[in-house]
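For this chain, numbers begin at 1 and follow the sequence in order. Indexing begins at 1, ligand by ligand and atom by atom, following the structure's order.
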Amino acid sequence: MSEALPFDEKYSDGLQRYIDYYNKSVEDIEEFWDGRARELIWIRYWDQVLDRSNPPFYRWFVGGYTNINLNALDRWVGKSSENKVAYYWIGEDDSKRTISYGELYREVNRFAYVLKEYIGVSRGDTVTIYLPMIPELPISMLALTRLGAIHSVVFSGFSSGALADRIVDAKSKVVITADGFYRRGNIVNLKDRVDEAILDAGEKGVDVEKVIVVKRLDGNIKMHLNRDIWYHELLSEAPNKVYVKPAEMKAIDTLFILYTSGTTGKPKGIMHSIGGYMTYIYNVFRWNWDPSPEDIYWCAADIGWITGHTYIVYAPLMHNMTSIMYEGAPDHPKPDRIWRIIEEYSVSTFYTSPTLLRLLMKYGDKWVENIDLSSLKILGTVGEPINPEVWRWYFNKIGGGRCPIVDTWWQTETGAAMISPAPGLSLVPLKPGSATLPLPGIVADVVREDGGKAEPGEKGYLVIKEPWPGMLMGLWGDPARYIEVYWSRYSDQDRGVWIYYPADYALRDGDGYFWMLGRADEVLKVAGHRIGTIELEDAIISHPAVSEAAVVGFPDPVKGELPVAVVTLKMGVEPSEELADEIKDYVRKFIGPIATPKKVIFVSKLPKTRSGKIMRRIIISMLQGKPIGDVSTLEDPKAVEELEEAIEGMRHTF
Ligand code: WT7
């Protein structure tokens, strides 16, 4: 599967150097991470690197104290590094802001001051942030973590209902939002959704007391007396050069919660620690991007997802890097928007998703051809497997054959990349479509259904066999689910063997390289984002016309996969194309545009087992025109015939 790439020679000893370093790192992971953590600023060092006494609730750097602000901000002020640009911000409407480390530091201190003095935010509080890609988003995150409060950032593309669920689960009394923002030239009225979500949350027993509103647009919105306050008015209460001492936080305290989808209707609040997360992402960032001071770095994700938390906010700031932050759609006003930004700012490191690459590739090479991309040095991808042809296009067309492709496998739960090339350490030979090998300190493998080691080339399940500092600490308010979802499948708890189960298919080739083969649970990856099929089904079922729903993923050339819903209707409701559109729109409003089903297929009965479990596997095979396999457990064969007819009848529309 290997093939020669132009720069292999330059890194000819890369594999051996990697192997030596890696082997040493996993000989004694505690010792390894101990050394790695000492490169950072701590208020007090730890007594114990890793507390293994209560697995799977591993705790890193126990007894240690720090605040991530010390490493991301305070460290850079009072010397020349404070003049370095932290963010070049570009609005979709092409408005621009340049923010230095010194300015960021002052704004964070001022915001932390008013949050504490006027809003009453203190250590341990959970605050929900629902902001678009504007500088006030990282400012809010840093101000909160400076105070020791826990942020829960909700992606600004989520609906009011999804926001309400997350406010309720996190029990947030304070929400930070904006009047709106631009998306594809349109105005998104974010604050309307917040108002709705707060009503909704109130009914579910959580009363939001304060809403801080950043003015991104003209500010022409309804403000609720005594509840809503403008960010700029609040900030004007802060003395200009106010200093707020970073709260002395335990390494094992929670830095943030970030919700992600699982296999039930209820999103999971992934909890990350302060000391472990900080240590892990700092090191991985360096291994991934080989940063140097003159680099211009662009992770083109949204901060509403973990990629943005780690690779736009915390890790680049901890490295004193200059980042691009772009508000808008990647193809607005034209498909060359991304490439033009790279050219204009001489971006050296660019990190994005296969979905975006497939979209831009589809627009055609003419949008890239006259653009100077020679500043690029390293290219990255994340979120889904990258098809080898897209990999090659990225490598040749965008990277001019000079830039290693850093395909990073990881999850919201893992904090930062775990399996990926590491040009900042030692670049191993690349293979298009493979995330290559585990990063130092990471013990990964592929196992069979029964837990036995898979042979080279054999598809199995990815497992992680040792804890790592970037690991989640648990699920917010749900320790049982944490054990059940991640640590039950392959652990042998009686024998004290704990194995982390990411729910990904993978295989290792003869060289030990990892090839990621997609999710192994009932979670879809739409444009690189996780959406639970049950979450989608719950949304569809809440539509008044719907009785039952089964959702599966259908392959899509750009977005990887898209949801397809098979639906039964309530007695007396007739299927129609209008109703199908209505249901699509309903899901869109219920969860957010990323959840919109591609198709809604009406049947009178879902294919189920005799015990009543929906047989999604059959639906998937039928949609893909493949044999449906074993149907011996099927309750009613007629359901399959009817579904087959329905699918064949609309096949031409797929
Ligand atoms: C899932 C995690 C991690 C930030 C973005 C997504 C899939 C992620 C890759 C990759 C193949 C990948 C996995 C994983 N995934 N990166 N390089 N190659 N698959 O975070 O929403 O938590 O999703 O994304 O299926 O489990 P997430």
Side-chain angles (χ1 to χ4, degrees), residues 153 155 157-158 257-263 267-272 277 280-281 284-285 288 299-315 351-358 379-388 390-391 394 405-422 430-439 442 444 446 459 461-464 470-472 475 485-486 489 500-507 513-532 535 553 559-561 592 594-595:
V153 179
F155 172 54
F158 274 132
I257 316 170
L258 183 59
Y259 286 90
T260 187
S261 292
T263 51
K268 300 180 282 193
I270 306 297
M271 292 156 67
H272 278 289
Y277 174 78
Y280 191 64
I281 69 167
V284 172
F285 188 90
N288 282 156
C299 166
D302 192 292
I303 295 174
W305 310 105
I306 189 71
T307 311
H309 279 56
T310 298
Y311 288 92
I312 303 177
V313 183
Y314 291 114
Y351 187 26
T352 190
S353 64
T355 287
L356 183 78
L357 295 172
R358 289 191 295 256
L379 299 171
T381 74
V382 61
E384 356 149 39
I386 178 163
N387 344 28
V390 179
W391 195 105
Y394 198 25
I405 305 288
V406 177
D407 175 358
T408 60
W409 178 88
W410 59 297
Q411 309 182 296
T412 306
E413 292 85 343
T414 75
M418 294 185 89
I419 301 176
S420 82
L430 301 177
K431 302 187 190 191
S434 166
T436 71
L437 295 158
L439 290 173
I442 301 302
V446 177
K459 178 176 173 179
Y461 301 90
L462 181 67
V463 290
I464 310 291
M471 67 193 296
L472 72 168
L475 298 181
V485 173
Y486 302 103
R489 180 82 182 243
Y500 176 81
Y501 176 66
D504 266 32
Y505 290 117
L507 68 77
Y513 276 48
F514 285 78
W515 297 76
M516 301 305 169
L517 305 171
R519 295 289 304 188
D521 58 3
E522 281 161 358
V523 168
L524 306 184
K525 277 253 127 185
V526 179
H529 302 307
R530 256 153 90 169
I531 306 176
E535 213 177 326
K559 297 197 167 170
E561 55 183 342
I594 54 166

Exercise for review: List, ordered by chain and residue number, the protein residues whose closest non-hydrogen atom lies under 4.0 Å from any atom of ligand 1.
Suggested key: I306, T307, V382, G383, E384, P385, D407, T408, W409, W410, Q411, T412, D504, M516, R519, K525, R530
Check your understanding: Between Y501 and Y486, is the gap from one ring center to the other below 6.0 Å?
Key -> no
Study note, to complete from the structure: Contacts of S261 meeting side chain to side chain contact (heavy atoms under 4.5 Å, CB included) (sequence neighbours excluded), chain-then-number -> R530, E535
**Study point:** Centroid-centroid under 6.0 Å between F158 and W305 rings
**Key:** yes
Check your understanding: Do NZ/NE/NH1/NH2 and the carboxylate oxygens of R358 and E384 come within less than 4.0 Å?
Key -> yes
**Study point:** A301 versus G308, closest heavy-atom pair with distance
**Key:** CB-N, 4.3 Å
Review point. Can you tell me if E561 uses its side chain to pair, donor with acceptor, with the backbone of K525 under 3.5 Å?
Key: yes
